[in-house]
Amino acid sequence: MNGFDWDVALDSLPVLLGGFLRVTLLATALGTLVAAVLGLVVAMAGRAPTRFVTVPVRVVTEFVRSTPLLVQLVGAAALFNTVEPLYIGIAVLGVHYAAYTSEVYRAGIDGVPKGQWEACRALSLSPRRTWQAVILPQAVRNVLPALGNYAISMFKETPFLAVITVQEMVFEARKYGADHFAYTEVFTLAGLIFLVASYPTSLLMRKLEKRLGH
């Protein structure tokens with residue numbers, strides 16, 4: 001590549017990998033956990049028998065979906081300016097994607113055959129036992145590929161955390177580029193690291209989806 005300094009790229013690699021392993025993966029893993037758990041809670045709350053629960057849940061969910069992640073990050077950082085930026089970033093990522101995973105869970109729950117519900121009632125199973133032993137295991141199994149795809153999307157959006165001064169990989173790339181006047185090399189390398197990490201995971205999710213589909 002003309003004008004591409006491989007020495008600079010190799011020199012920046014440990015810096016980028018440090019930010020990648022230390023922050024990017026951590027934010028993705030914890031954010032995915034928050035989104036998976038909170039999304040299920042939201043999906044369950046959306047099926048509550050009273051509108052005093054379902055309406056506020058629907059309003060908040062639509063608000064989160066209708067506002068950009070970047071705006072949510074900046075707003076949360078301004079409101080909770082005494083909290084560690086990384087914790088804010090993880091929480092915002094989790095809440096943002098919970099609004100989407102809740103719909104995935106809802107579809108998975110609706111996809112459970114009605115006969116399963118009728119069988120639970122015929123066996124006089126309690127609502128808690130019905131959900132824990134019959135409905136949720138089937139629903140979660142059906143939506144695992146979709147949840148995996150959202151985790152990949154979250155991973156690719158972690159660079160937004162740089163706007164609230166979280167020192168993830170792209171933050172480190174920008175800092176290194178400014179210090180060494182070598183933006184092309186570090187951002188190219190950062191992009192390649194994202195590609196190497198996300199593409200095999202995408203293939204795995206596609207394979208899982210086909211397997212569960214059968």
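Treat the numbers as computed from the prediction; the structure is a model and nothing was measured.
Between the CG atom in N81 and the CD1 atom in I164 there is a gap of 12.0 Å [rounded to 0.5 Å]. The structure places OG of S102 at 8.5 Å from CG of L38, a figure rounded to the nearest 0.5 Å. Summarising the geometry, atom CD1 belonging to I88 is positioned 9.0 Å from atom CG belonging to L79; distances are rounded to the nearest 0.5 Å.
Counting heavy atoms from C-beta on, the side chains of V140 and Y105 come closer than 4.5 Å. Using a 4.5 Å heavy-atom threshold, the side chains of P85 and L161 count as separate. Under the 4.5 Å side-chain criterion, counting only non-hydrogen atoms from C-beta, Y150 is in contact with V104. Looking only at side-chain heavy atoms (C-beta outward), S153 and Y97 come within less than 4.5 Å of each other. Counting only heavy atoms from C-beta outward, the side chains of T201 and S198 never approach each other to under 4.5 Å. By the 4.5 Å heavy-atom criterion applied to side chains, V34 and L93 are not counted as neighbours. Contact of the I109 side chain with the W131 side chain is registered, since non-hydrogen atoms from C-beta on lie closer than 4.5 Å. The shortest distance between side-chain heavy atoms of I193 and M169 falls below 4.5 Å.
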Checklist line | Derivation of the salt bridge (Lys or Arg N to Asp or Glu O under 4.0 Å) call for D179 and K175 | finding: CA-CA 6 Å; D179 292 340; K175 181 180 177 182; 5.6 Å; no
message: Between F194 and F155, does the ring-ring contact (aromatic ring centres under 6.0 Å, His included) criterion hold? Intermediate values first, please.
response: CA-CA 8 Å; F194 270 108; F155 168 68; 4.9 Å; yes
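The pair E168-R174 does not count as a salt bridge, with every side-chain nitrogen at least 4.0 angstrom from each carboxylate oxygen.
Under the 4.5 Å side-chain heavy-atom criterion for Ile, Leu, Val, Met, Phe, Trp and Tyr, L16 and L192 are members of distinct hydrophobic clusters.
Between Y183 and F187, the ring planes lie parallel to each other; the angle is under 30°, not in the 30° to 60° tilted range.
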